Structures are given as C-alpha cells and as structure tokens.
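Have a look at the structure below, then the notes.
Keep in mind that what you see is a predicted model, and the values were worked out from it rather than measured.
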Amino acid sequence: MDVASTVFMFLASILVLFMTPGLAFFYGGLVSRKNVVNTMLSVFFITGISILLWILVGYSLSFEGDYYGMIGNFKHVFMNGIDLNSLTTYKIPTSIYSIFEMFFAIISPALFVGAVVGRIKFKFLAFFIILWSLFIYYPMVHMVWSTNGFLAKLGTLDFAGGTVVHINAGVTAFVLSAFLGRRIKKNLNSNSHYNLPWILLGTTILWIGWYGFNAGSAFGLNNVAMQATVTTTVAAAASMVSWVILDIIFVKKPQLIGACTGTLCGLVGITPSAGYVTVFGSFIIGICATLASYLFVNYLKAKIGVDDALDAFGCHGVSGILGSIMTGLFATKSVNSAVIHNGLFYGGGFKLLGVQTFATVLTILFVAIFTAIIILFLKLFMPMRVNHKDEVVGLDRSEHGEDADYTVEISDGIDERKRDMYLHSDEFQGQFAQLNSHSKNH
C-alpha cells in the first residue's frame, strides 16, 4: 500500500461526500420558501439510496466483468467475492477506491434534482433514481472508466466526470423537465430565492469538495493531482469573474447568484480535463464555460421552452459538453503521460477532438433515450407530477408536512424580540406576566 496516496484518497472521498450537503444548501437557497424542505431532502436522501445500490450491485456493474464494453456483471452482489484489501494499480486498497467511486454515484443524480424541484412527486423521483443508476449511470461508468469500457478503448478522456457525471446529469435534467412541463406561472418569480447566504455557502462547500472530486481522480498523491488542483482553481476563478462581468454588461449590476453560478460552471467545465491540460488551458476553458452557459441560461432557454427550474442543464449540461469537447483541444502529454494523442492546439491534429466529440454526442443520445424510456415506464405505475393544489401550496407541506421556517406564521405581527417567548411560552411565564401587567397599565 502507498500510505500517502491512501490517506490522500481517504480525504478526497470525504470531500466528495461533503459536496452533496453542499448541493442541498445551494439548491435549497435557490428555491422558493415553500419548496426548501422538499429540495434539500430530495438531494440528501439520494445519499442513502446510492450507497445501498452501490454496495448491492453498483460496483460490480461498473468495474467487474464486461459485456460488450457496455456494462459489468452481477457476480459480486453486496461486493461478495471482492477482496477489499487488494491493491489497485495505483497501490491503494480496493476498499477506498470503491468508496471514492461510491460518492460519485451519490452526487451525480443529486445534480439533476435542481431541474424538477417544486413539481415532481418524491416517490417518482426516488424510483427514477434507482432505475437511472442501474440503466444509465453504472453503464456510463463502465463505458468510460472501466479498462474494458467501449469509450475507454476508443481513447476517450474524462478525468473526473465530464461525460459520466455532468453531461449525464445535465441531459437527464433536460429530459425530466420536458416531461414534467412548465411550473405554474405564479411560481416563476425569479426573485423569490429562499436564502442568498445559503447559495454562497453551498457554492463554497461545492468548490472545496471539488478538489476531492478532481484532484482525487488522480488516485494518488502525485504531480497529476497537483496539476488538477491548480487547473480546477484557475478555471473556477476565470469563470466566476467572467459571469460577473457579463452581469455588469447586460444586467447592469454585479450579482451574488451570478458569481456563484459562474463558479460552478468553471468547475464543471474543467472536470473532464483537469488532469490533462495546462494552466492556460484551464483559464480558457473557464471563460468559455461561462460564455456558453450564460448564453443558454439567459437567451436560449426561454426560446426552447423547457422549464429547468435551477438550470441544471444550463450549467452542468452545457458546461460539461463544452469541457468534454475542449479536452480535445487542450489535452497534452506534457501534463499527463496518459494522454496518448495531444489535443488539436498542441499538435495532435483532429484525432482526440474527434474522439471527444463522438463520446460527447453518444453520451447525450444514450442518456436522453434511456431517461425517456425510464420515465415512460414509471408513468405506467405512478403519477410523475404533483397536482395543481399541492404545487400551489408547496411541496414542503403537501409532500412532507414540514416547513423550513417553523416560526413564519406565529411571528406575523409579533415583535422579533418576543418570538421565542411565544414559541416556548411555558419557559417564559414570568416574562409574560410582566408584559400583561405593562399592557394593563397603558
């Protein structure tokens, strides 16, 4: 065992897991007050589902055996027969390698939740995630990251999840949104974000977690991991600044949500190439990711008419597609010896660009078709969308019977300083007596 690399992967895995509650805060801050609980629960509950699925069949379907370069096998249910103490080629235990990949299987479906918040039934979403993992996510992992995978053998480069995670989740978000239809008009107030500080908190957690996501994909404490750390940082910064500049030009004001959105677009854009490109390459990719996503979110989305509530496709899908293709432009052997053919801008010709473009298009088609099939299948057994009344009331109450702000109703018309006294009246009997005496004297 390479002890240093194993400790590094242990910490990277924790950072990737940390991204899921970070995403819950990010999405929870973006939605309206009446859908906060539903949004955060939908994201966080995926943690439990994905862990159990991964242990049950996920690891086996992703990395064990091979059927036509598309999928693994069912021979290791509950990871039976797998020696967790055996070492991978990176000299880290199979156990920590599996845990790292498991946490990817958690954050990936959580990303598309943002597209459907406020109008999808929780039960439908839960069953969809199970089938999506089995028939879309695990096959994508096998095709791209397994040594026997179809796309891996073609020479596809996806360092940390451009195709497997972001294009996959983004396209899924788009198809789900198309099937669900538009939100009720009165819910489309773009200024009704629940909590702006939560959005910044979620973005910060995601950025921190992304170092586990990207640097950890080097599977060891080495120069490639360090390169991925630098390129991730530069791309996020370039993308953030670019989005704020665009807001100043077109909205006439720098906005916090814009800065956070831009940051995430840069992180998404650099993910497929983080360990393959130079610092300059990451700078260009970060800027281009913002330009592409900004154009889609602010101009093309309305013309297409698909109501992706929190722009999961606009950020993850669009920036992921661009980042995957641009890997074919900027990847270079000078950064990572795993690059067999240099990108177009480093003298490698069009070969790698062609492979990256093919893998990107194939991923879009594969995910779109199978997502539609899963949706149509589930709709035979259960409704997909909540009814009109529940959507107006909000899913926090209609689906869960909970409110993010338990003090909202009782605090109406009550002095902020007295709110806790009313909530916990049995503990403030003396203070209430003083208030009543004061009222009578006046």
Side-chain angles (χ1 to χ4, degrees), residues 26 30 111 114-115 157-163 165-171 173-174 190 199 203 206-207 210 214 230-274 276-306 308 310-331 343-346 352-353 356-357 359-361 363-364:
F26 179 71
L30 280 171
L111 296 174
L157 295 181
D158 187 352
F159 189 74
T163 53
V165 177
H166 294 293
I167 298 176
N168 190 354
V171 172
F174 186 88
S190 61
I199 298 171
T203 304
L206 285 168
W207 191 344
W210 227 288
N214 282 2
V230 175
T231 56
T232 298
T233 306
V234 172
S239 193
M240 176 210 287
V241 172
S242 299
W243 196 291
V244 172
I245 290 173
L246 290 172
D247 271 351
I248 292 173
I249 294 172
F250 295 105
V251 185
K252 309 303 180 185
K253 295 177 182 178
Q255 297 185 319
L256 176 61
I257 291 179
C260 292
T261 304
T263 300
L264 292 181
C265 288
L267 292 168
V268 171
I270 196 60
T271 292
S273 61
Y276 301 131
V277 300
T278 64
V279 174
F280 178 73
S282 68
F283 172 73
I284 299 299
I285 289 172
I287 293 174
C288 291
T290 274
L291 292 175
S293 288
Y294 194 93
L295 174 65
F296 183 88
V297 170
N298 292 285
Y299 299 100
L300 297 180
K301 177 184 171 181
K303 294 181 179 180
I304 294 173
V306 173
D308 176 353
L310 303 184
D311 294 313
F313 177 76
C315 294
H316 297 279
V318 173
S319 289
I321 290 169
L322 180 129
S324 181
I325 293 174
M326 291 189 73
T327 302
L329 300 176
F330 289 99
L344 178 65
F345 293 162
Y346 287 83
L352 181 58
L353 179 61
Q356 292 300 117
T357 302
T360 300
V361 173
T363 299
I364 294 170

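When atom types are taken as modelled, the side chain of T357 and the backbone of I325 share no donor-acceptor pair closer than 3.5 angstrom. Using modelled atom types, one side-chain atom of T290 and one backbone atom of S239 make a donor-acceptor pair closer than 3.5 Å. Judged by distance alone, with hydrogens and angles left aside, the side-chain atoms of K301 form no donor-acceptor pair with the main-chain N or O of N298 at under 3.5 Å. In terms of modelled atom types and a separation under 3.5 Å, the side chain of Q356 and the main chain of M326 share no donor-acceptor contact. No side-chain donor-acceptor contact under 3.5 Å links D311 to the backbone of V297.
Annotation for F296 and G314: closest pair CD2-CA, 3.6 Å, computed over non-hydrogen atoms. Closest non-hydrogen pair, G317 versus I167, comes out as O-CG1, 4.5 Å. In this structure, L352 and A331 approach most closely via the heavy-atom pair CD2-CB, 3.7 Å. Looking at every heavy atom in both residues, T203 comes nearest to C260 through OG1-CB, 3.2 Å. Across every non-hydrogen atom of V277 and S282, the tightest pair is CG2-N, 4.1 Å. Nearest heavy atoms, A289 versus G269: CB-CA, 4.3 Å.
Contact annotation: the side chain of L256 never approaches that of I199 to less than 4.5 Å [non-hydrogen atoms, C-beta and beyond]. Inter-residue side-chain proximity for V268 and C315 is flagged as unmet; no heavy-atom pair is nearer than 4.5 Å. No side-chain heavy atom of T363 sits less than 4.5 Å from a side-chain heavy atom of V171. D247 has its side chain out of reach of P254: every pair of non-hydrogen atoms, C-beta onward, lies at least 4.5 Å apart. No side-chain heavy atom of F345 sits under 4.5 Å from any side-chain heavy atom of F280. F313 places none of its side-chain heavy atoms less than 4.5 Å from the side chain of V306. You'll find the side chain of Y294 stays beyond 4.5 Å of the side chain of C265, heavy atoms only.
In this structure, OG1 on T233 lies 13.0 Å from CH2 on W210, to the nearest 0.5 angstrom. To the nearest 0.5 angstrom, Y276 atom OH is 5.0 Å from L157 atom CG. Between the CD1 atom of I284 and the CG atom of L329 there is a distance of 11.0 Å, given to the nearest 0.5 Å. The CD1 atom of I285 sits 11.0 Å away from the OG atom of S319 when rounded to the nearest 0.5 Å. To the nearest 0.5 Å, atoms CG (L246) and CZ (F250) are separated by 6.0 Å. F159 contributes atom CZ, which lies 8.0 Å from atom OG1 of T231 (distance to the nearest 0.5 angstrom).
Only one option out of V318, T271, L267 pairs with H166 in a side-chain contact (heavy atoms from CB on, under 4.5 Å); it is T271.
In this structure, a donor-acceptor pair under 3.5 Å is absent between the side chains of S324 and T163.
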Item to check | Verdict with supporting geometry, V234 and I270, side-chain contact (heavy atoms from CB on, under 4.5 Å) | outcome: CA-CA 9 Å; V234 172; I270 196 60; over 6 Å; no
Item to check | Y346 and T278: CA distance, side-chain angles, deciding distance, side chain to side chain donor-acceptor pair (under 3.5 Å) verdict | outcome: CA-CA 11 Å; Y346 287 83; T278 64; 3.1 Å; yes
